[in-house]
Amino acid sequence: MPDVAEILIPLALDTAYSYVVPEGLALAEGDVVQVPLGPRETVGVVWGLSHSPGGSNLRPVTGRVAVAPLTEPLRRLVDWIARYTLAPKGSALALVLRLPDEAAARETARVAVRVSGKPPARRTPARDKVLETAADGALHGKSALAKLAGVSLSVVDGLIDDGALEAVAVEPEPVAPVPDPDHPRVPLSEAQEAAALALVQPAATAPLDAPHAGAVLLEGVTGSGKTEVYFEAVAHCVRAGRQALILMPEIALTAQFLDRFAARFGVRPAAWHSGIGGKRRERLRAAVAAGEARVVVGARSALFLPFRNLGLIVVDEEHEAAYKQEDGVHYHARDMAVVRGRLEGCPVVLASATPSIETRVNAERGRYRHVRLPERFGGRRLPDIQAIDMRLDGPERGRFLSPPLINAIKANLAAGEQALLFLNRRGYAPLTLCRACGHRYRCRNCSTWLVEHRFRRALVCHQCGYAEPRPQACTECGTFDNLTACGPGVERIAEEVAELFPDRRVIVLSSDFPGGAERLRMELEAVAAGECDIVVGTQLVAKGHNFPHLTLVGVLDADIGLTSGDPRAAERTFQLLQQVTGRAGRGERPGRALVQTYQPTHPVIAALLSGDAERFYAEEVMAREAAGLPPFGRLAALVVSAAEREAAEAHGQALARAAEPPPGVMVLGPAEAPLALVRGRYRFRLLVKTERNIDLQGYLRHWLARAPKPRGSLRVAVDVDPQSFL
DNA sequence: AGCACGCCGACT
DNA sequence: GTCGGCGTGCTC
């Protein structure tokens, strides 16, 4: 009776395929195997095994692949993700099982050389140079030596062939040094100690030796020392002999952070991010599977590493949108981390100064524990946040800095400290119009205004990237040199600042910083080092680098984003403003934030001023419930359109009846989706909503393929309005 | 993911 | 009349 194996292949396949196990091949669930698929060979994972009397018509498994098998929790995670995100199982597997990396295979082993003592058979000037350089008898990297001697690699190769140099295989540098949980460290504050204890010991009766499974929200303002607190949980986990994973958004994964880790644990942690490739990637993966890598710090994808003995997951900056994967399998790494924690039986710490609304809801409803860090470490206080009512204290015409803000900047500069002026608008001016004819320049592809970028001398669409040179004369009426810039962007603010403080160093930081990401990084470091007096920045400056000399934050227009029509606008604006104002006050004296607004009583502004985030979120959730929306999630619409009103209505209702959405996805009936006449056709929208991060558009297309087919001139389409995403 | 089949637009 | 676009379907 042949053994039959169910093999899941990391392709967009819904089900595992059956293969016969050849005589003499012992397979277990989770084993990675090679199997024939159509005309080629692929890898797959044994998802199930059975004895079957038939099966002679099945193709055989080619053989086992010599990598660590997928652990049971990881296999269950794949199943769970596929079910939850409505993705094919094979696609979920592909997150975990990367097809063998060709780059890794091509990468050659590092080779070092040293002089053997044997003189070369032939001597040339190039050869002499190499031998001189290597005369110290020490080991030299092959390519490094060639570079040092100023010759090409082939000269070194020739000397190796000749026997004058001997080649030695280099031990690859350790990929995962062992952290020391008891490395000497600075003592924690009382509040930090208490929080750290609460992470590892949820109740006085809970045993201290076993990490407590379940999710914990670790909430603490910037500077309260969240990192030090969860480092203690990591130390606890390492002492218990288990592995820990720290997830962070890619941008937060800086040398700065790795050094902080090293200060606590004596060594840098193993780092996993998109930049690590080839052999190093494979070696780290193997070290993780073998349990040798004790602590891994990584971006989103590190969640799918094959940990052998996972004891803790930390999701730092839990609220970050970077945790969302929006192509391929749609998932949210934070939520998947909570699931993996459950499957692995280990705790999950969600750390944030500004937790997302969904995490707050989960904490409030008791699904997550909630640990708060009340204050800034070292007695530093939160910045003092005050509103500047622009209706009373507004700037003069054509200016954007109000007198109170200007005075505050002056005082700050006099004290030798940095100021940050925050305006979430790139470019010089968001709107350009002709003074003669009133023509407003808009994008030819989108419905948006073109933003003037004075530095680039161009009008740019921030929606689609379309750009045209800024015209000398109006393209409509031909009037020369009569265009006017309306409203401020960061470039314009910098201009105003330069006029007010001509002898001060001002820098503009935004994502279109000339010179690219690398130069931007360097600039950020220069700013952190204090080589600048006034920073004018977009949301780019809200997170990432610490600016230790920054004690004043001016928010130039707090009202931007409040009226965008995005249901998540209030939440996003609140978080952004909280983050950016929180940047002040890392110096000796507590910082200050001044918020220019025309709506000081708006709930978002009021919440920011009072610092009462929880109340704000509670009100947000209530407002969404009142509007019939989930507290978080997304919306899409199925659109049925037809020339005949009856046909559209009838088919729309047929679709609504046919809908058999999986749990958590709701197809709303016709009552919520009224008929509309659009361009001569009757449109019938069925709203679909879910609290999950799934590919609704893809799901609806999939579902439409099975739903009743429209007849005649009827058309059914999926319409996802980005504005309707929650 | 590959690789086939298949059905409409511009060309040797 | 063909070459070739990429939409849809299949791989145990």
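All figures in this text were calculated on a predicted structure; none of them were measured in a lab. Only heavy atoms go into these numbers, but all of them, side chains included; no hydrogens, no water, no symmetry mates. Each chain gets a letter, A, B and so on, in the order the sequences are listed, and its residues count up from 1.
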Can you measure L11(A) atom CG to dA4(B) atom P for me and round it to whole angstrom units? 16 Å
Treating E571(A) as the side-chain partner and S356(A) as the backbone partner, does any N or O pair qualify as donor plus acceptor under 3.5 Å? no
Partner residues of E476(A) under the side-chain hydrogen bond (donor to acceptor under 3.5 Å, both in side chains) criterion, sequence neighbours left out: none
Heavy atoms within less than 4.0 Å of DNA chain C: which residues of residues 24-36 of chain A have one? Give them sorted by number. P36(A)
What's the separation between atom CZ in R285(A) and atom CD1 in I276(A), rounded to the nearest 0.5 Å? 10.0 Å
Rounded distance in Å - CG (L97(A)) to P (dA1(B)): 14 Å
Residue list, side chain to side chain contact (heavy atoms under 4.5 Å, CB included) with S352(A), at least two apart or on another chain: E318(A), H319(A), T354(A), P355(A)
What residues, two or more places apart in sequence or in another chain, satisfy salt bridge (charged side-chain N to carboxylate O under 4.0 Å, His left out) together with D335(A)? none
By the 4.0 Å heavy-atom rule, please label L13(A) as base, sugar-phosphate, or nothing. base
Quick one: does D3(A)'s side chain get under 4.5 Å of V20(A)'s, heavy atoms only? no
As an exercise, state the distance from CE of M336(A) to CG of L343(A), rounded to the nearest 0.5 Å. 10.5 Å
side-chain hydrogen bond (donor to acceptor under 3.5 Å, both in side chains) against R342(A), all qualifying residues, sequence neighbours excluded: none
Using chain A heavy atoms and a threshold of under 4.0 Å, write down where along DNA chain C the contacts begin and end, 5' to 3'. dT11(C) to dC12(C)
May I have the distance from K89(A) (atom NZ) to dA1(B) (atom C1'), rounded to whole angstrom? 20 Å
